[in-house]
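Please read the structure below before turning to the comments.
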Amino acid sequence: QVQLVESGGGLVQPGGSLRLSCAASGFILDYLTIGWFRQAPGKEREGVSCISRSDSANYHAASVKGRFTISRDNAKNTVYLQMNSLKPEDTAVYYCATGPPSLCRFYTGGAAYQYDLWGQGTRVTVSS
């Protein structure tokens, strides 16, 4: 079965850290761009980070640059999003998705409509 499964969300205090995982089954993640998106209540889905095929490029939105890091473990067929120095405004449901191999560039992560396979999401709440 071809699918993406996110995990690692939860409740964390401001300034804390979480690591989200995006595990793939039925296909090889390394062949594709993997993007992380988030959607807060009442807001549109926004791109957070992405990593291109074979890690040739990665991108982080300005709102998370310097705090979030995307990485890939090919042995586990999993992409991670390490989130540090979390802020209340990072509260959202986080989704990972697959896109064309070269979609992710250093200056852009592409638009949500350019991604095809999506996971079910994992909720992150940053609150004291």
Item to check | Stepwise side-chain contact (heavy atoms from CB on, under 4.5 Å) test for Leu11 and Ser127 | outcome: CA-CA 7 Å; Leu11 173 64; Ser127 175; 4.2 Å; yes
Checklist entry - Tell me, do Ile34 and Thr98 make a side-chain contact under 4.5 Å, heavy atoms counted? => result yes
Checklist entry - How far apart are the C-alpha atoms of Tyr31 and Arg53, what are their side-chain angles, what is the distance that settles it, and do they pass the side-chain hydrogen bond (donor to acceptor under 3.5 Å, both in side chains) test? => result CA-CA 5 Å; Tyr31 293 166; Arg53 176 180 180 176; over 6 Å; no
Item to check | Minimum-distance pair of heavy atoms, taken over all atoms of Asp55 and Arg72 | outcome: OD1-NE, 2.7 Å
Next on the checklist: Using side-chain heavy atoms (C-beta onward) and a distance below 4.5 Å, is Pro100 in contact with Thr33?
Outcome noted: no
Next on the checklist: Quick check: closest heavy atoms across Thr78 and Ser21, and the distance to 0.1 Å?
Outcome noted: CG2-CB, 4.1 Å
Item to check | Contacts of Phe37 that satisfy ring pair (Phe, Tyr, Trp, His ring centres under 6.0 Å) - sequence neighbours left out | outcome: Tyr115, Trp118
Checklist entry - Given Ser17 and Asn84, is the side-chain contact (heavy atoms from CB on, under 4.5 Å) satisfied, shown in steps? => result CA-CA 4 Å; Ser17 298; Asn84 299 328; 2.9 Å; yes
Next on the checklist: Please give me the minimum heavy-atom distance between Ile70 and Asn58, naming the atom from each residue.
Outcome noted: CG2-CB, 3.9 Å
Next on the checklist: Is there a path of hydrophobic side-chain contacts, each under 4.5 Å between heavy atoms of I/L/V/M/F/W/Y residues, joining Tyr95 to Leu18?
Outcome noted: no
Checklist entry - In the hydrophobic clustering (ILVMFWY, side-chain contacts below 4.5 Å, transitive), which residues join Val5, or is it alone? => result none
Checklist entry - Do the side chains of Ser49 and Val64 get nearer than 4.5 Å, heavy atoms only? => result yes
Next on the checklist: Using 0.5 Å steps for rounding, measure from the CD atom of Gln120 to the SG atom of Cys96.
Outcome noted: 8.0 Å
Next on the checklist: Contact between Leu20 and Glu6 at the side-chain level, heavy atoms closer than 4.5 Å - yes or no?
Outcome noted: no
Item to check | CZ-OG1 distance between Arg38 and Thr91, expressed to the nearest 0.5 angstrom | outcome: 9.0 Å
Next on the checklist: Tell me whether Glu44 at atom CD has more than 12 heavy atoms from other residues, nucleotides or ligands lying less than 6.0 Å away.
Outcome noted: no
Item to check | ILVMFWY network linking Tyr59 to Tyr80, side-chain heavy atoms under 4.5 angstrom | outcome: no
Item to check | Contact check, side chains of Arg67 and Asp90, non-hydrogen atoms, under 4.5 Å | outcome: yes
Checklist entry - Is there a path of hydrophobic side-chain contacts, each under 4.5 Å between heavy atoms of I, L, V, M, F, W or Y residues, that connects Leu32 with Leu103? => result no
Next on the checklist: To the closest 0.5 Å, what do you measure between CD (Glu46) and CD (Gln39)?
Outcome noted: 9.5 Å
Next on the checklist: Using every non-hydrogen atom in the two residues, find where Ser56 and Phe106 come nearest and quote the distance to one decimal.
Outcome noted: O-CZ, 3.4 Å
Next on the checklist: When you group the ILVMFWY residues by side-chain heavy-atom contacts below 4.5 Å and let the links chain together, are Leu81 and Val12 in the same group?
Outcome noted: yes
Checklist entry - Any sub-3.5 Å donor-acceptor pair from Asn77's side-chain atoms to Gly26's backbone N or O? => result no
Next on the checklist: If I compare all heavy atoms of Pro14 with all of Ser128, which pair ends up nearest, and what's the gap?
Outcome noted: CD-N, 3.7 Å
Item to check | Rounded distance [0.5 Å steps], CZ in Phe27 versus CD in Gln1 | outcome: 11.5 Å
Next on the checklist: For residues Val48 and Val126: do they belong to one hydrophobic cluster (side chain heavy atoms under 4.5 Å, members Ile, Leu, Val, Met, Phe, Trp, Tyr)?
Outcome noted: yes
Checklist entry - So which heavy atom on Leu117 is nearest to which on Leu4, and how close? => result O-CD1, 3.5 Å
Next on the checklist: Taking the side chain as everything from C-beta on, heavy atoms only, tell me whether Leu29 gets closer than 4.5 Å to Asn74.
Outcome noted: no
